[in-house]
Every structure is written in C-alpha cells, then in structure tokens.
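Lettering of chains follows the sequences in order, A, B, ..., and the numbering in each one begins at 1.
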Amino acid sequence: MTTRPPGDPHDEPPLLELRDVSKTFGSIVALKSARLRVERGSIHALVGENGAGKSTLVKIVAGLHQRDDGSFRLDGEAVDFSSTAQSKAAGIAVIYQEPTLFPDLSVMENIFMGRQPLTRWRRVDRAAMRRRTRDLFQRLGVAIDPDRPAMGLSIADQQIIEIAKAISLDARLLIMDEPTAALSGIEVDRLFTIARALRDEGRGLVFISHRFNEIFDLCDRITVMRDGSYVATHDAADVTAAEVVNLMVGRPVETLYPKTEGGDVGEVVLRVDGLSRRGTFTDVSLTVRSGEIVGMAGLVGAGRSEVARAVFGVDDYDSGAVTVAGTPLRRGNPRAAIRAGLAFVPEDRRREGLLVEESVGRNIALVLRRKLANWGLIRRRDEDALAAGWARTLQITARDLDVAAGTLSGGNQQKAVIAKWMATDPRVLIIDEPTRGIDVGTKTEVHRLLDELAGRGLAILMISSDLPEILGMSDRVYVMSEGRITRELARDEATGEAVMTAATTLEAVR
Amino acid sequence: MSGVSTLLRRREFGVVVAIGVLIAVTTVISPSFATGTDGFRNLLLTPSLLMILAVAQGIVIITKNIDLSVSAVLGLTAYATGRMFVDLPGLPIPVVILLGVGLGTLLGAVNGTLVSLGRVPSLVITLGTLYAFRGIDIAWAGGDRVNAGELPREFTTMGTQTVLGVPVLFVVAVAVLAVVAYVLGQTRSGRELYAIGSDDAAAVLYGLRVRRRVFFGFLASGTLAGLAGVLFAARYASVSSNAGTGMELEAVAAAVLGGVAIVGGTGTVLGAVLGAVLLTTISRALPTLGIGEFWQQAVLGALIIGAILLDRVIAARQARRLRSSHASIAVAPAKEAVT
Amino acid sequence: MTTTLDPVRQTPKPRPAAQRWRSLLLGRDAAVIGLVALVWIAGSVFVDNFGKPNTVYFLLLDALPILLIAMPMTMVIISAEIDLSVASMLGLSSVVVGVLFQGGWPIWAAVAVALAVGLVGGALNGFLVATVGLPSLAVTVATLALFRGIAVGLLGTKAVTGFPDEHKDLVSDRLFGPGTAIPGILLVFVVLAIGFGVLLHFTPFGRATYAAGMSARTSRFSGVNVPAVKFWLFVATGFVSALAGVYWTLRYDSARGDNAAGFELAVVAAVLVGGVSIFGGRGAIPGVIAGALLIGELRAVLRLADVSADAINIATGVLLIVSVIVPRLVTGLHGRWRRARRSGLESTSSSD
Amino acid sequence: AGCSGGSGDDGGYDIAFLPKNLGNPYFEASDKAAEKAVKGFGGSFKEVGPSEATADGQVTYINTLTQQSVGAIVLSANDTSALCDALDEARDAGIKVVTFDSDVDKECRDVYVSASSPKLIARNQIDLIADQVGGKGEIAILSATANATNQNAWIDEMKPYLKSEYPDMKLVDVVYGDDDDQTSYDKTEALLSSHPDLAGIVSPTTVGVAAAARYLSTSEFKGKVALTGLGTPNDMREYVDNGTVTSFALWNPEDLGILASYTAKALLDEDITGKKGDTFSAKGLSSDTTKFTVGSDGVITLGEPFVFDKDNIDDFDF
Ligand SMILES: Nc1ncnc2c1ncn2[C@@H]1O[C@H](COP(=O)(O)OP(=O)(O)OP(=O)(O)O)[C@@H](O)[C@H]1O
Ligand SMILES: Nc1ncnc2c1ncn2[C@@H]1O[C@H](COP(=O)(O)OP(=O)(O)OP(=O)(O)O)[C@@H](O)[C@H]1O
Ligand SMILES: [Mg+2]
Ligand SMILES: [Mg+2]
C-alpha cells in the first residue's frame with residue numbers, strides 16, 4: 001500500500017474535509033475558522049497550543065459538538081452528526097483526550113459496549129467477547145484481565161483500553177487526541193506499530209500530541225492551528241520542529257529549558273525517610289533542598305505520583321516519615337502538610353487541581369481561604385485582589401476572573417493551579433507532570449516560572465515522564481522503578497541513557 | 001473461581017441467608033408463620049407488590065436515577081383500575097388490566113420525558129411528580145373508595161388465589177423479575193443501562209443513546225408501578241386515594257438492602273427483589289419475635305444501615321483485590337503486534 | 001465578528017461590580033423572589049381575606065419549620081449530599097419532648113434533651129456519610145426509618161398534649177402585639193437565616209462547602225477537610241430539625257411519633273425551588289428563603305381560595321418541576337437565539 | 001369584619017365541616033348528608049380537611065377557616081387537646097365550634113354531638129362478639145389510631161365490662177390499623193399469625209372492620225375466627241352474605257351529619273349555648289326523633305348503635 005500523494009482534490013475527494021468550521025461556547029470562541037483535510041492511508045498530525053481548538057475540532061467530527069458554521073465532508077459528502085452514534089456508524093473512531101470508561105463494568109464490556117457480540121437469542125455472548133478482547137490485548141502486547149472491572153485501573157491502563165476500543169471498531173478514520181500522554185516508551189512504540197499498519201490498510205488517522213518527536217516519528221502530514229484558526233498544513237518531511245513551533249506560537253521560541261545554572265542551594269527542606277505503602281512503593285527516601293529542582297523520573301506506573309500523594313498526605317502510607325524543615329508531618333493529613341509549607345500541583349488538573357465549575361478567582365483563593373478571613377469573614381474585595389495579583393504574575397489568559405476555571409485551556413488551567421499554590425507562599429512545591437498536555441509556548445513559561453521560584457529559594461520536587469524536561473530542568477534526579485528509588489543522579493551525571501537504565505533496572509533483573 | 005464460590009460471593013446470597021434465618025427462627029417460635037397454609041401463602045403474598053416496585057426502582061437506580069413517584073403511580077393506577085370496573089362494567093377484565101398498566105406506562109413516560117429531555121435530575125422531577133400524581137389521585141378519588149363489592153369477583157380472587165399453594169401475585173412478581181433480570185443482564189440494551197449508570201458522560205462519548213435509554217428506564221418503572229397498582233386493587237379489593245402512600249421509600253430501601261448501589265451502575269434486580277422480601281418478612285416476623293409493632297421501623301432502619309455498611313466493606317475488599325492484581329500492565333513479551 | 005468575543009490575551013481582572021449585580025438581578029434567586037411578590041399581589045387581588053395580618057401570621061407559622069430546616073439543608077445539598085431524615089428527626093425530637101414532659105421533667109430540660117438527640121442523630125448521619133463515606137441518600141433513607149421508628153416506638157401512636165400555656169405562647173405570640181402579622185418566633189428564624197447566610201457566603205467554611213460540593217477530590221487536594229465539613233453540616237441539620245420538632249410540639253400542642261411524616265420532601269422541594277442544584281456546588285440562602293416562602297404562600301393562597309389539599313399538592317409538584325425545567329429552557333433558548341443572531345450578523349456582513 | 005357569626009351571602013349560616021381526613025367514606029357519608037341539611041335551611045356549606053388524619057393538619061385548616069370568618073366549624077377531632085389553641089382563636093373571632101363523632105376538651109368547643117355513649121357502644125360490641133364466640137376464648141381489638149379519643153374511651157369501657165360479664169373471655173391484644181385500609185389489613189394478618197388461638201376480633205372502626213373482614217374471607221380462618229365491629233352496611237354486605245361476619249353495629253353517619261348541622265344552626269340562631277338542658281330540633285333524620293336536648297358537659301347524643309345482620313342488612317344503603 002502506498003501513501004497517496006497529497007494531491008489533486010478533483011481526483012478523488014479526501015476522506016475527511018473540514019472547512020472554515022467555527023464553534024463558540026457561550027461567549028468563548030473555541031474555533032474561528034478551522035480547516036482539516038485527511039487523506040486515506042495517511043497519518044495526519046494536528047498540532048497547536050493549548051486551547052487552539054484541537055479537541056473541539058475532534059469533538060465536532062465525532063458528533064459530540066455541532067459546529068456553528070462551515071462545511072464538514074466525509075468522502076466528499078456533506079455530513080452533519082448530531083451524536084457520536086452517527087459518527088461511529090459512519091466509520092469514525094475517536095480516542096478522546098479524557099479516558100471515558102465505565103468503572104463498574106468489566107474491561108471487555110467497556111470495549112464492546114453497545115455492540116457486544118450476540119448469540120442466536122440476541123443474548124450477549126460473553127465468551128466471544130472475552131476471546132476478542134484477549135486478541136486485541138495480544139495485538140497491543142498487554143495482559144489485562146478482560147473480566148476485571150475498569151475501576152482501579154491506572155491512567156495508562158485506561159488509555160490502553162481506549163486504544164483497544166478504538167481499534168476494535170475497525171474504523172476508516174481513527175482520531176486519537178493525545179493518546180500517548182499517559183503512556184511509556186514501549187507502549188507508545190506498540191501503538192505506533194499498529195497505527196502504521198492501519199495506515200497501510202488505507203485508513204486515515206488523525207494524531208494529536210504535544211510531543212514533537214512522536215509527531216515526526218509517526219505522521220505524514222501536519223496541520224497547525226492557532227487560536228481556533230487554521231494556520232498551515234505541511235508534509236512532515238518538509239518542515240522542522242522549530243518551524244512548526246513558530247507556526248503554532250506565531251513567534252519564535254527562544255529556549256525550552258531556561259534553567260539558571262549554579263543557583264544557590266540551601267539546606268534540606270523536604271526529607272522523606274523509608275516511606276512504604278504495600279503494593280505501591282517501598283522504602284522511598286529522598287531530600288529536596290531549598291533553591292533546588294529535584295526531578296523524579298521513571299516509567300509510567302513506577303509509583304512516583306503515589307509517593308508524591310503520600311508525602312502531601314492525600315494518600316496514606318504504611319511506614320516511614322516525612323519532615324518539612326525539621327518538623328515531622330502527620331500522615332494522611334494534607335492540611336498539616338500545607339501548614340508546614342508544602343504545595344502540591346497534582347497530575348490530574350481537572351479532577352484534582354481545580355474546581356472546574358468555580359470561578360478562576362475563587363479557585364486561586366481556595367487554599368488560602370482561612371488566611372483571607374478577617375474575624376472569620378471573607379471580604380470579596382480581598383479575595384479578588386489576591387486572585388488578580390497571582391493571575392497577573394502568572395499571566396493567566398481569561399476573559400475575567402469570574403469565568404469558570406474549566407473553560408480555560410489546559411495551559412491556563414495549569415497556571416491557575418500553580419497560582420493557587422503560590423498564593424500560599426510555600427517552602428516546598430511538589431509538581432506532578434508540570435507540562436503534561438501543555439503546548440510549547442506555555443511549557444516554556446512554566447519552566448521559566450519553576451526556575452524563578454527555585455531561584456527565590458523554593459524547594460521543588462518535579463515528577464515528569466518527559467525525559468528532556470527532567471534532564472533540562474533538574475539539579476538532581478531520582479529515578480524510580482516499580483515502587484523503589486533505583487538511582488540518584490547529579491545534574492552532570494543525568495543523561496537520557498542513565499535515567500532510562502535506572503528506570504528499567506528492576507524489570508531487567510526480573 | 002468455581003461456580004459455588006462465585007455464588008457464595010454474590011451479594012444476593014447474603015440476603016437469601018438473612019431471609020432464610022429469619023423465617024427459620026420465626027417459624028420455630030411460631031410454627032404457623034411459615035407452615036400453616038395461610039402462613040406460607042402470606043410469606044409469598046405479602047412481599048409481592050413491593051417486589052414489583054423494587055424491580056422498577058432497581059432498573060432506574062442502576063441508571064443512576066431514582067423514581068420517587070412509583071408509589072403515586074401505584075396509587076393512581078390502582079384507583080383507575082377500580083374506577084374502570086365501576087364505571088365501565090362491560091369491559092372485560094384483561095382489558096381493564098391492560099389499561100391500568102398502560103396508565104402506569106403513560107405516567108412513566110411523563111417522568112422519562114421530563115428527566116431525559118429536560119436533562120433534569122430525576123430526584124427533583126420524580127419528587128415533583130410524586131406530589132402531582134398523588135394530588136391528581138386525591139383530586140379524582142376525593143373521599144370515594146372503590147369497595148370489594150364493586151369489583152368483579154374473578155378479579156379480586158386473583159389477588160389472593162394460589163396455584164399449587166403459590167399465590168398468583170407472587171408468580172407474577174417472579175415472572176416480572178425473570179424478564180427484567182434477563183434484559184438487564186443479557187441484552188445489549190440492558191448492559192447499556194449499567195454503562196449509563198456507571199458513567200453517563202462516558203456513555204455520551206461512547207455514542208450510547210443515553211436519553212432514550214433513561215427514558216425507557218422510566219417507562220419500564222412506570223409500567224411496573226402500574227402493574228403493581230392493578231395488582232394492589234386485586235389484592236386489597238378496596239382502593240382509596242391513599243393506596244401505596246410511602247411505598248416509594250420502601251422500594252428504594254428494598255433496592256439498597258439488596259445491594260443496588262444508589263450511585264448507579266451496580267447491583268441486580270434480583271438483589272432488589274430479595275431486599276423487598278427481606279423487608280416485608282422482617283416487618284411480619286417482628287411481632288412474632290416479640291418486638292413490639294411500633295419498633296419495626298426502627299429495626300428496619302438499623303438493618304438498612306447494616307446493609308450499606310456491608311456493601312462498603314465488600315467494595316473495599318474488592319478494591320484491595322484489584323489493586324494487588326494491578327500488575328496487569330506488566331509488559332508482555334513483545335509479540336508481533338500486528339498480524 | 002465582534003472583538004469582544006475573541007479570547008483576550010491580557011491579564012484577567014475581577015468582573016466589575018456592576019456586572020456582578022446585573023447577573024445577580026437576572027439570576028435564579030431574583031426570579032424566585034419576584035415570583036413570591038407576584039403570587040402575593042395575585043393573592044391579594046383575587047383571594048378574599050388574603051393579605052390581612054392574620055394571613056401573614058399563619059403563613060409564617062406554617063412555613064416556619066420548612067424555613068428553619070431549609071437553612072442547613074441548603075448547605076447539605078450544596079455540599080452534594082442530601083438529608084432525608086429531617087422530618088423523622090423532627091418527629092423524634094417532638095416525641096422526646098413529649099415523653100419527658102409527661103414523665104414530669106421541666107419543659108426546658110425536655111427541650112434540651114430533644115436538641116441533644118438532634119445533635120446525636122445528625123452526628124450519626126454525619127459519621128456514616130462523612131467518615132465512613134456512604135452515600136447520603138441511602139444513609140438518610142435508613143435513618144429516616146430509624147428515627148421515625150424510635151419515635152413511634154417510644155410513644156406508639158399515642159400523643160402527648162397539654163403543654164403549659166406559657167410555653168405554647170412562646171411560639172404563638174405576636175411580635176408587635178395582638179392583631180399584628182409577625183409571630184415573635186420568627187426571630188429565631190431570622191437569627192438562623194443570618195447565621196447560615198453569613199456562614200455559607202462569607203466564611204472559609206462556606207467556601208469549603210461549595211468546594212466540597214463541586215469536587216470532593218479537588219477539595220481534598222486543596223487542604224479542605226471535606227469529611228469534617230460534611231459531618232458538621234449533618235450535625236447542624238439534625239440540630240435544627242430537632243429545634244423544628246420542639247416548635248412543632250408547642251405550636252400544635254401535640255407530641256406524636258408521626259408528626260411531620262413525609263415532610264422531608266417538602267423541605268427538599270423548597271430548597272430546590274430556591275435554586276440550589278441537587279448536584280451540589282450551586283445555590284444561595286436568599287433564593288432558598290424565597291423558595292420556602294413561595295411554597296408556603298402558594299399553599300396559603302390556595303387554601304384560602306378553598307382549593308383542596310390535593311390541588312395544593314399538585315401545585316407544589318408542578319412548581320418544583322417548573323423551577324428546574326424553566327431555567328434549562330431559558331438557557332437553551334437564549335443560546336439558540338444568540339447563535340441565530342450571530343449567524344444573521346455574519347450573513348449580512350459577508351453579503352457586503 | 002365577620003364577628004356576628006356567619007353573615008354569608010346565602011342568608012346567614014356559613015358552616016364548614018372539618019372531618020378527620022378527606023377520603024374517609026364514613027365522613028363522606030355524614031358530610032354529604034350535612035350538606036343537604038345545611039342547604040336545606042338556607043346556609044352555605046363547605047368541607048375542607050387534611051389528607052392525613054393528623055392534628056396538625058387540622059390546625060392549619062382551623063386557622064384558615066378563622067381567617068375566612070366562617071359562621072361555624074363542625075369538626076371531628078384528631079386529638080383532644082392539640083386543637084384547643086386554634087379553636088380558642090376561632091371562638092375568639094366569634095366562630096361557633098361543634099365537634100361530632102370525636103370530641104376535644106370540653107372547654108374548647110361549644111357542643112359535642114355524640115353518636116352514642118361510650119358505655120352503650122362498649123357493651124354492644126362485647127355482647128356481639130361474646131354471642132359469636134360463645135362467651136369464651138381469646139379476643140383481640142383492631143382499633144383506629146392509638147390516640148383516637150372515641151376508640152380509647154370505648155376500649156376503656158370494654159375492659160371492665162368484659163371482666164365482669166364474660167370472665168371466660170380474654171382480651172389478648174389491641175392493635176392499631178390507623179384507619180388505613182392497607183395497614184388494617186396487614187395488622188389483621190399479623191394478629192392471626194401471632195395469636196393462633198384467637199377466637200374473635202372486635203374492630204370498632206369502619207375501615208378496620210371492612211379490612212379485617214376482607215382478610216378473613218379469603219383466609220383459612222374464615223368462619224373460624226369471629227369478627228364484629230362498627231361498619232357500614234355497604235362495606236360489610238358481602239361478608240355478611242358469605243358468612244365471614246354474622247353481625248355488626250353502627251349508627252347512621254348521615255344522621256350524625258344532619259344532627260351536627262342542626263346543632264350548628266341552633267348555635268348560630270342562639271337557640272342553644274351549650275348549657276345543659278337547652279333544646280332544639282332537627283329535621284330529616286332516619287329515626288323519628290326531632291327534639292334533642294343538650295346533656296351535661298355540652299354533649300348531645302344521637303342514640304344507641306344499631307345492629308345489622310343477614311336479615312336486615314339489605315334494608316340499608318350507605
Ligand atoms: N465545553 C466547553 N465550554 C466552554 N469552553 C470550552 C469548552 N470546550 C472547550 N472550550 C474552550 O475552547 C477552546 C479550545 O479548547 P480545546 O479543548 O479544543 O483546545 P485544545 O487545542 O484541545 O487544547 P489542549 O491542547 O489543551 O487539549 C479553549 O479556550 C477552551 O477553554
Ligand atoms: N487507580 C489506581 N487504583 C489503585 N492503584 C493504582 C491506581 N493507579 C495506580 N495504582 C498503583 O500505583 C502504582 C503507580 O501508578 P502510576 O501509574 O500513577 O505511577 P506514576 O509513576 O505516578 O506514573 P505516572 O505519573 O507517569 O502516571 C501502580 O503500580 C499501582 O500499583
Ligand atoms: Mg485537547
Ligand atoms: Mg503519575
């Protein structure tokens with residue numbers, strides 16, 4: 001199967017063509033004039049900053065949202081989906097940015113819901129379903145029990161089930177909105193192998209990611225969006241990452257990792273001693289000094305987030321101790337941690353970081369609500385002033401501070417979470433996946449911010465699955481594997497190779 | 001896992017054991033409780049109506065909704081059934097039964113339309129229709145009561161008749177249970193109800209017809225409540241406007257007692273039905289066990305608390321089990337990924 | 001295309017106070033308050049005897065238990081929970097007062113014990129919901145049966161009556177002398193309403209309540225002690241329900257196990273009509289007060305117009321449904337209208 | 001306005017009936033007859049009431065009637081003392097208060113129209129059941145609500161009478177069907193399962209006796225366990241015909257309604273004030289009596305309960 005030359009529209013209509021699509025949510029313009037043209041037998045990357053409108057475009061194709069204006073053609077025919085059922089029937093499979101599983105149902109029912117194989121009596125054929133699920137997992141190279149409920153699966157496992165679901169649909173157009181955000185290298189490789197095979201069968205694929213190496217590795221063509229509008233489409237072979245970034249941001253980006261070398265590192269502020277939680281992590285000890293950014297690397301599922309959550313107190317642990325500036329922390333008590341000067345930006349922004357229905361202002365003031373109160377009463381003016389101050393400092397983009405936090409783009413949501421924690425004037429910041437799903441432009445801003453905070457004497461523990469980020473930002477790196485810290489690397493020892501070796505150590509031993 | 005151990009692990013099994021123990025103990029104290037002809041008949045007859053309501057409630061709760069109006073639907077259809085016999089004496093009994101059930105369906109459709117099209121929480125809507133339907137019932141019936149003498153004999157005997165010692169009403173309830181359990185457990189549409197209850201946002205993304213399914217859930221609930229209303233008229237042979245008052249919470253309690261989680265997505269209608277049986281058996285057994293009739297409700301309340309606590313313990317155990325089996329993602333030997 | 005609709009690349013400010021007022025005046029609360037006034041005017045014009053001091057007096061006395069319990073219930077529902085056991089607690093408190101009074105206790109001591117029972121019952125709900133983490137709908141359906149069962153168990157279906165006049169007068173005396181409209185007992189409500197209003201809207205605890213209702217998870221990650229918040233809300237609800245039970249006992253001079261049976265739904269209806277979202281995170285005290293008054297007022301009007309109890313029930317039910325459906329329709333239509341207008345503008349501009 | 005007592009548009013008598021609850025056939029019958037009587041003497045009639053038989057529900061309606069300044073309130077009370085404050089308020093506003101069927105404390109009303117005297121009823125009921133069970137064995141009572149004044153008064157009279165007249169009969173249980181059909185039905189069932197040796201049931205309430213009869217008629221106890229009580233002929237006809245019940249008693253609820261109406265009229269006309277010895281007349285009763293006298297404590301008595309059985313039941317239709 002050959003890749004069809006991106007060519008003559010009169011020859012044969014493209015698989016998918018969107019022109020001048022617009023969409024508003026209330027007063028928020030998500031799309032102004034978006035354009036996308038996907039050929040059969042090609043993998044098409046859709047890139048753009050956070051809030052550029054990629055996911056919205058995908059949801060319009062899926063029939064989840066309806067466009068306000070513009071044209072939408074499938075195989076040259078104008079279509080109008082009013083539900084995802086219709087797009088599915090038309091042969092479109094979508095992996096949404098957010099995993100969408102039914103926690104109470106078994107993994108296999110999650111994959112086949114609504115189209116379960118039937119026996120003669122129109123009964124659900126569980127045996128056949130199980131068999132087909134096993135086959136799918138085999139193709140993806142994972143071993144998940146088809147009968148277990150989806151409840152309790154890690155984000156990575158959930159993402160794999162989403163992928164299995166989409167593949168099983170046998171669609172002619174497969175759209176993947178950041179499918180790799182929670183996956184490790186090996187899983188990403190498998191996904192890519194499958195994606196290429198699908199392309200070679202003549203299907204069209206749309207791939208959304210913020211990771212350029214993946215985009216250039218996988219995709220044939222790239223469409224860039226900015227602020228809800230179409231910017232350009234190029235063959236992947238014809239452009240460089242830097243050029244794409246320029247198109248996305250509309251301005252050149254100087255450097256991704258604005259790390260100040262050789263800053264002042266003070267005494268130990270955060271000390272974790274022999275922290276263990278059965279089945280999750282074992283004997284984790286680490287220190288973070290003031291003014292230092294300590295990276296925490298590892299494969300997905302290594303247990304880094306769990307350690308962070310236990311340290312902050314939202315999760316319990318079995319044994320060990322956490323001390324902040326010499327004072328031991330009570331376990332399982334986030335309030336004590338906050339009082340001691342700990343701040344925690346969690347990995348799941350929308351569910352753990354923000355009240356998505358609440359205004360940006362109140363989100364920023366949430367942690368500090370008690371300190372804001374005078375004689376037990378909060379004055380609106382104080383709340384506004386605090387929020388406005390931090391919104392300015394972090395350059396949050398929003399219409400005003402009264403809009404719901406959930407309507408901000410991913411990057412701005414992340415800034416709002418950081419703002420809410422900076423407002424508490426912490427001594428230690430634990431930040432989990434600081435730039436997951438954040439566009440390049442905002443990424444740099446976040447990195448500069450972290451560097452600046454460290455420069456002001458904050459102790460930062462940064463968990464990241466983005467290896468360049470770890471290498472570029474950390475003064476020191478801990479590597480975790482299967483719930484244990486396998487290595488501690490100084491900045492000059494920390495190479496990609498060293499980190500990856502340590503991250504896979506235990507697996508190799510087994 | 002062997003069949004037996006799966007059975008023992010089922011939540012429903014615990015309820016069955018509880019019912020069994022209760023009946024056994026009570027019968028030892030007062031043999032006529034389960035062994036006399038009437039005792040045995042009543043053992044099955046008394047819970048029958050609540051069993052049907054529990055199935056109705058079960059369907060709706062599984063979709064993460066709730067139907068507080070079942071009792072009012074029951075009351076209204078019961079009265080309508082009686083009225084039809086009085087006002088339209090020529091109508092054959094089966095037609096009246098169908099019309100009665102049909103009225104339930106209609107009322108269910110009202111709930112379903114308001115909840116699914118209006119996209120409004122069902123607790124609010126069915127609380128509203130609970131008031132409204134009951135109000136209509138009272139307005140229509142006023143102080144009137146349809147008496148046994150005004151109903152055809154064949155109809156009222158159906159309410160208490162037994163076939164081989166098993167009351168007809170119980171047979172109907174079990175038939176309803178069997179059909180609904182099959183649909184929920186074994187058909188695509190039934191499984192979709194579970195999916196919707198488990199996460200309705202995901203169900204929308206998935207392309208399931210959430211609104212339609214929820215609508216049909218309420219339609220089914222209304223229909224079953226209508227059926228219960230018709231049977232109520234047959235069993236008590238006397239209907240006034242307050243028939244079934246307060247049964248909405250009993251139905252919810254039965255479902256919860258039987259392991260249908262109020263948060264949707266889990267539980268079975270079999271459990272709900274067993275919950276109904278347990279609930280009615282308790283209130284019948286307590287006087288025999290020497291607990292004053294006035295204390296029954298208190299015991300019932302304590303029991304429901306016990307049941308939901310038990311569910312919590314079971315769920316926690318299962319969660320632990322799932323976590324320890326988490327190594328699922330352990331990378332399988334890199335097989336040829338694409339065939 | 002208008003520039004105001006564009007995403008703005010500038011630092012956001014708080015919304016100007018004028019705009020906030022506008023959205024408040026066009027909001028849900030204002031609509032309910034307007035409706036209260038409307039029904040009042042309609043009642044005064046069309047119904048004999050409505051609008052006299054006595055009507056107001058009895059209306060307030062009748063609505064008082066709903067008004068009282070609606071205050072903590074509002075906060076419970078905003079925290080995304082629900083308490084269906086309030087009416088049973090009311091009945092239990094009433095029975096406790098009755099039984100102790102009958103047993104020769106001084107009335108104030110009986111009342112104190114009843115209020116303590118309210119605290120304990122609320123704490124039981126709170127413990128099961130907040131600490132153990134059980135769903136409140138299920139828990140409070142259970143305690144609905146439990147509290148009512150204890151009440152009925154203690155007193156059977158008997159009633160204790162004959163409370164001393166000086167205590168009954170406490171709840172029935174008029175604030176400004178005989179013939180005037182305002183019952184003195186309303187002061188208790190005013191204090192409570194101000195207390196809960198300030199607590200919900202102007203304190204860290206109130207912010208925590210909203211946060212817990214919007215996302216318990218985010219709240220926990222932000223150092224909000226969600227279980228504590230919910231626990232205390234249930235305790236408060238139990239306490240106020242018991243207080244309403246004392247009121248009920250003295251007002252009707254009757255301590256019975258089945259006092260206010262089924263009343264929980266009326267309280268929930270008032271709260272929801274008042275604009276509180278059953279999903280939590282949304283709602284305000286002024287709207288709820290208006291909601292409770294609206295229901296009470298509607299009942300008074302209909303009763304004075306000799307409309308029977310059944311029609312009153314229908315009206316309550318319809319009001320409840322309308323109060324949630326209409327805002328939906330309005331936002332839906334508003335959106336459609338705006339889209340239509342926008343595309344109209346665009347087509348004219350493009351034809352230029 | 002309206003202190004002068006019911007200066008309605010319809011010529012003077014503005015009378016409101018307040019039954020224990022709406023939807024109770026007994027009160028339906030009496031109130032319907034009362035309506036006819038009131039219309040007959042040119043008054044205006046209305047019936048209002050709560051849907052559940054509770055005191056607080058009645059208080060609200062008494063308050064409303066007070067605001068409407070009706071001429072007289074005729075009520076059957078759900079509680080002896082709980083209604084007093086509301087009734088006092090009504091009387092302060094010049095409204096006449098008549099209780100019928102079930103009384104309140106005598107200070108809170110003008111007169112009470114009693115269907116019969118507790119003593120007469122208690123004896124009648126015990127005699128009936130004794131006759132049916134042959135004067136010995138276990139009996140039980142299925143009552144209305146536990147604090148229904150009239151029921152309790154009758155039960156209190158029954159106990160000593162039973163002891164002195166029928167020493168071989170034993171009262172083993174009193175249960176409460178709350179005047180609710182379904183509850184009464186279920187309570188009957190419970191009664192029979194917890195007292196296997198029960199010989200007879202007395203249910204001095206129309207709802208209860210009908211429900212109990214319906215239960216018995218389809219159970220194995222039909223014909224074995226005797227049943228009597230206070231019931232209406234229309235409710236009980238079927239069970240008398242099929243042999244479940246031999247005899248039961250009641251006064252005529254229509255007469256009671258009519259008498260209560262005339263009592264209210266007499267109060268409004270100031271023919272009577274509630275003093276012992278006052279007399280007035282009533283028309284349209286099924287019996288020949290037209291002259292009634294107020295007894296002590298302001299009680300007016302309709303008469304003795306009437307016993308229905310196979311031979312006479314078909315002469316009645318209510
Ligand atoms: N349901 C919604 N209601 C209101 N605004 C929305 C909604 N969905 C998206 N938006 C807004 O539309 C714009 C585009 O969002 P979208 O999610 O499409 O961006 P994206 O390119 O996918 O960003 P990311 O890379 O962060 O996923 C954003 O400003 C976002 O806040
Ligand atoms: N939802 C969950 N329920 C129970 N246990 C979980 C869950 N998610 C993860 N775990 C446990 O925690 C361990 C680590 O999970 P997780 O994937 O979050 O690791 P991580 O190192 O934080 O990776 P990342 O942050 O990159 O996703 C898993 O091995 C598993 O035992
Ligand atoms: Mg996106
Ligand atoms: Mg993680």
Side-chain angles (χ1 to χ4, degrees), chain A residues 24 26-29 32 51 68-69 227-228 309 312-314 334-335 337-339 344 346 348 350-363 365-367 369-373 376-381 383-385 387-388 391-392 395-403 409 420 424, chain C residues 1-17 19-20 23-24 80 198-226 228 277 279-282 331 334-336 338-340 342-343 345-347 350:
Chain A
T24 55
S27 57
I28 296 163
V29 181
K32 259 183 281 184
D68 295 339
D69 214 343
D227 284 348
R309 288 209 296 265
F312 186 65
V314 285
R335 278 161 304 125
I338 293 171
R339 263 197 303 276
F344 179 41
D348 191 339
R350 294 184 62 92
R351 282 195 307 176
E352 296 169 348
L354 287 173
L355 303 169
V356 289
E357 298 163 59
E358 184 62 280
S359 71
V360 177
R362 289 221 173 148
N363 264 292
L366 177 63
V367 189
R369 64 194 186 287
R370 278 181 211 246
K371 292 229 178 74
L372 271 178
L377 299 184
I378 296 177
R379 278 193 314 182
R380 186 101 201 212
R381 206 170 344 131
E383 209 175 22
D384 285 344
R392 196 174 328 110
Q395 296 192 317
I396 294 174
T397 304
R399 202 181 52 169
D400 60 41
L401 286 177
D402 284 28
V403 299
S409 75
K420 122 180 168 177
T424 66
Chain C
M1 190 157 298
T2 44
T3 42
T4 48
L5 288 175
D6 281 333
V8 226
R9 281 270 174 192
Q10 67 187 32
T11 55
K13 299 197 169 53
R15 197 166 284 180
Q19 261 185 50
R20 278 183 181 162
S23 54
L24 210 61
V198 168
L199 185 65
L200 179 60
H201 297 295
F202 299 104
T203 67
F205 186 85
R207 295 284 193 275
T209 304
Y210 280 106
M214 288 186 211
S215 166
R217 202 170 159 80
T218 297
S219 302
R220 179 163 167 70
F221 275 75
S222 307
V224 174
N225 193 346
V226 178
S277 160
F279 298 125
R282 220 166 275 282
T331 38
H334 188 65
R336 197 168 300 171
R338 272 198 7 187
R339 266 201 299 283
R342 253 171 22 80
S343 60
L345 284 179
E346 267 163 30
S347 60
S350 62

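- Here the shortest heavy-atom pairing between A/Arg309 and C/Phe221 reads CD-CZ, 3.5 Å.
- Taking A/Thr424, A/Ile338, A/Leu354 one by one and counting their heavy-atom pairs under 4.5 Å with chain C, the maximum is reached by A/Leu354.
- Between A/Ala373 and C/Pro204, the closest heavy-atom pair is CB-CG, 3.8 Å.
- For C/Ala216, no part sits under 4.5 Å from any heavy atom of chain A, backbone or side chain.
- Note that the OG1 atom of C/Thr218 and the CD atom of A/Glu358 stand 11.5 Å from one another [nearest 0.5 Å].
- Interatomic distance, CZ of C/Arg207 versus CG of A/Leu355, reported as 12.0 Å (0.5 Å rounding).
- Proximity to chain C (any heavy atom under 4.5 Å) is shown, for A/Val360, by neither the backbone nor the side chain.
- For C/Ala208 against A/Arg369, the heavy-atom pair with the smallest separation is CB-NE, 3.8 Å.
- Shortest non-hydrogen contact noted between C/Ser215 and A/Arg351 is OG-O, 3.7 Å.
- Interface remark: A/Arg380 contributes side-chain atoms only to the contact with chain C (heavy atom separation under 4.5 Å).
- With a 4.5 angstrom heavy-atom cutoff, A/Arg339 does not touch chain C via any of its atoms.
- With a 4.5 angstrom heavy-atom cutoff, A/Leu377 touches chain C via backbone and side-chain atoms both.
- The distance from the CD atom of A/Glu357 to the OH atom of C/Tyr210 is 12.5 Å, given to the nearest 0.5 Å.
- For A/Lys420, the part lying under 4.5 angstrom from a heavy atom of chain C is the side chain only.
- Nearest approach of C/Ala211 to A/Leu366, heavy atoms of both residues: CB-CD1, 3.8 Å.
- Considering OG1 of C/Thr203 and CG of A/Leu372, their distance stands at 12.0 Å, rounded to 0.5 Å.
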